[in-house]
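Worksheet: the structure to be examined is printed underneath.
Scope of the values below: all heavy atoms of this structure, side chains included, with no hydrogens, waters or symmetry mates.
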Amino acid sequence: MRFEKLVFGGEALARVDGRVVLAPYALPGELSRIHAISEKPGLVRARVEATIEPSPHRVEPGCPHFGRCGGCHYQHADAAYQGAQKLAILREVLKRTGHVDAPDGLGYVSGPAWEYRNRVQLHFDGGSPGMMGYHEAGSHRLVGIEQCPVASPRLNHSMASLRTMMADRRWPRFLRGMELFTNEEQVQVNVLDSGTRHLSHAFFEWCAEAMPGALSSALEYPAGGDVFRVSHKSFFQVNRFLLDQLVETATGGVSGDRALDLYAGVGLFSIPLARRFGETVAVEAVASAVIDLEHNASRAGVRLSAVREGVERYLERVEEAPDFVLADPPRAGLGRAVTAALNRLKPERVVIVSCDPATLARDLAELTGTGGFRIEAMTLVDLFPQTAHIETVTRLAPGH
């Protein structure tokens with residue numbers, strides 16, 4: 001069977017007898033022998049048993065766990081080809097899902113393809129000496145990880161320390177999930193799952209002793225000439241190499257009287273906007289993020305208004321159109337209530353930072369259709385090399 005293309009989510013697509021076949025870890029143009037895993041009318045999900053004619057873009061994966069671990073999807077393709085495929089997938093999803101055409105000058109920003117992640121989520125099996133790693137693709141089975149080539153050097157060093165700690169009798173066997181977040185000097189330790197039990201203060205003191213730079217408090221993260229305090233429940237971008245480029249792509253060249261930063265987090269976009277606009281309002285629903293944002297703005301010496309509220313509820317009260325709106329929503333996207341509010345307000349510029357092309361397509365259909373906005377520019381900022389995830393910055397203006 002010969003595969004035609006990659007589709008959003010990481011699988012390759014082929015067609016046989018009028019049915020679509022989807023399989024991971026194949027590349028367009030490859031002739032492969034497959035084994036069907038599940039079948040239903042019009043769709044077969046399969047695995048590749050052998051690649052008979054490999055793509056010229058196929059490379060040796062950089063991780064021995066690739067193909068089992070669910071974290072990466074594209075390690076079998078060279079980095080330049082991954083980028084080209086993501087651009088093609090973005091165009092296809094926008095057209096198929098939202099009937100939206102990506103601009104001819106669709107941009108692409110990339111950085112190093114390895115050691116880029118500043119945050120990882122680890123899982124533990126509770127045995128003795130126990131296993132630490134990531135989940136298999138599509139399951140909760142654990143893949144034991146020695147090294148993760150997309151994680152930063154400090155994270156890999158911290159994982160090695162954790163493996164040593166797991167061999168100690170003091171290790172809490174009830175611990176099931178932990179997140180590590182680093183600025184490459186310190187490592188924030190966040191417990192995600194400890195069942196119904198709580199870890200003692202002594203455990204975090206032990207982490208600080210055994211894991212150089214470990215802390216259980218907020219982490220100070222430098223980006224774009226500022227320093228951002230990031231607490232446990234506060235969101236922050238995970239690519240340590242592309243933060244400055246992401247901010248510049250989203251906020252570069254804009255200024256005016258009033259700006260709104262929706263889903264503002266700890267202020268990654270709010271603070272540079274506050275230097276360019278007379279008034280900046282940052283809207284964020286998570287309490288810890290709002291506290292961080294106010295702290296970060298004060299330290300940066302900028303004035304802004306931080307509003308702890310859901311974006312939908314906040315926009316219901318806004319009557320005067322701002323000059324500029326930046327929105328960095330979660331994977332669910334803006335949704336109809338927010339796009340309707342933007343269509344009503346008609347700001348002069350809107351920027352959407354999206355981590356899901358399907359929900360972006362839906363939102364753009366509302367904004368460019370009912371709202372009459374036009375796409376000025378669109379850039380794929382490849383924050384997640386080796387994976388199928390797609391981050392997009394889209395600039396909109398009212399149609400004229």
Side-chain angles (χ1 to χ4, degrees), residues 83 86-87 90 94 102-112 116 118 221-228 235-284 293 296-297 299-306 321-329 334 342 345-355 357 360 363-364 367-368 373-385 389-400:
K86 287 186 178 184
L87 288 169
L90 175 59
L94 292 175
D104 291 337
L106 179 58
Y108 180 71
V109 175
S110 64
Y116 64 86
N118 59 26
Y221 202 104
D226 292 299
V227 178
F228 296 87
F235 171 78
F236 203 74
Q237 297 287 352
V238 304
N239 189 308
R240 67 192 184 102
F241 297 122
L242 291 180
L243 283 171
D244 292 2
Q245 291 94 320
L246 177 66
V247 173
E248 178 61 25
T249 302
T251 67
V254 299
S255 61
D257 294 327
R258 187 164 182 262
L260 291 183
D261 183 11
L262 308 178
Y263 315 93
V266 302
L268 182 64
F269 301 115
S270 308
I271 289 174
L273 289 176
R275 294 192 175 103
R276 302 174 187 177
F277 287 84
E279 178 188 4
T280 297
V281 179
V283 184
E284 171 58 52
L293 190 155
N296 295 333
R299 176 165 50 188
V302 301
R303 295 181 61 185
L304 55 78
S305 299
D323 300 302
F324 178 76
V325 174
L326 187 148
D328 184 10
L334 299 177
L342 294 177
L345 292 169
K346 287 289 193 299
E348 283 301 308
R349 291 290 184 275
V350 175
V351 167
I352 303 173
V353 181
S354 168
C355 59
L360 174 65
D363 293 337
L364 289 178
L367 293 168
T368 61
F373 284 89
R374 58 185 173 85
I375 299 174
E376 280 192 324
M378 183 179 290
T379 304
L380 194 161
V381 183
D382 200 356
L383 298 184
F384 307 97
H389 302 301
I390 294 176
E391 189 91 4
T392 310
V393 178
T394 305
R395 292 190 173 222
L396 301 168
H400 297 293

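For the pair Tyr116 (side chain) and Pro385 (backbone), a donor-acceptor distance under 3.5 Å is present. Checked by atom type and distance alone, the side chain of Lys86 pairs as donor or acceptor with a backbone atom of His389 at under 3.5 Å.
Ala223 and Asp244 get closest at one heavy-atom pair: C-OD1, 3.8 Å. In terms of heavy atoms, Arg276 sits closest to Gly253 at NH1-N, 4.0 Å. Closest heavy-atom contact between Gly267 and Phe228: O-CE2, 3.3 Å. In terms of heavy atoms, Ala282 sits closest to Ala264 at CB-CB, 3.7 Å. Residues Glu248 and Arg395 come closest through the heavy atom pair O-NH2, 4.0 Å. The shortest heavy-atom contact between Gly265 and Leu293 is O-CD1, 3.3 Å.
Using a 4.5 Å heavy-atom cutoff, the side chains of Val254 and Leu273 are in contact. Counting heavy atoms from C-beta outward, Val353 and Phe269 have side chains that approach closer than 4.5 Å. Two residues are said to be in side-chain contact when any heavy atoms from C-beta on lie closer than 4.5 Å; Val266 and Phe235 fail this criterion. Two residues are said to be in side-chain contact when any heavy atoms from C-beta on lie closer than 4.5 Å; Leu396 and Ile375 meet this criterion.
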Verify side chain to side chain contact (heavy atoms under 4.5 Å, CB included) between Ile352 and Leu367, making sure each step is shown before the conclusion.
CA-CA 11 Å; Ile352 303 173; Leu367 293 168; 3.7 Å; yes
Does Val351 form a side chain to side chain contact (heavy atoms under 4.5 Å, CB included) with Thr251? I'd like the steps, not just the answer.
CA-CA 8 Å; Val351 167; Thr251 67; over 6 Å; no
Go through it in stages, so that I can follow the logic: the residues are Asp226 and Arg275, the test is side chain to side chain contact (heavy atoms under 4.5 Å, CB included), and I'd like the CA-CA distance, side-chain angles, deciding distance and then a yes or no.
CA-CA 12 Å; Asp226 292 299; Arg275 294 192 175 103; 2.7 Å; yes
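Note that CG of Asn296 and OH of Tyr221 are 14.0 Å apart. Values are rounded to the nearest 0.5 Å. To the nearest 0.5 Å, the span separating CG on Leu364 from CZ on Phe373 amounts to 11.0 Å. Distance check: Met378 CE to Leu94 CG gives 5.0 Å after rounding to the nearest 0.5 Å. Once rounded to the nearest 0.5 Å, the distance linking OG1 of Thr379 with CG of Leu90 reads 10.5 Å. For the atom pair Asp382 CG and Phe241 CZ, the distance stands at 13.0 Å (nearest 0.5 Å). Leu334 contributes atom CG, which lies 8.5 Å from atom CG of Leu360 (distance to the nearest 0.5 angstrom).
Between Asp261 and Ser270, the side chains place a donor N or O and an acceptor N or O closer than 3.5 Å (distance only, hydrogens not considered).
Exactly one residue among Asp323, Asp257, Leu304, Leu260 makes a side chain to side chain contact (heavy atoms under 4.5 Å, CB included) with Phe277. That residue is Asp323. For the side chain to side chain contact (heavy atoms under 4.5 Å, CB included) test with Val393, the passing option among Thr249, Asp328, Leu380 is Thr249; the others fail.
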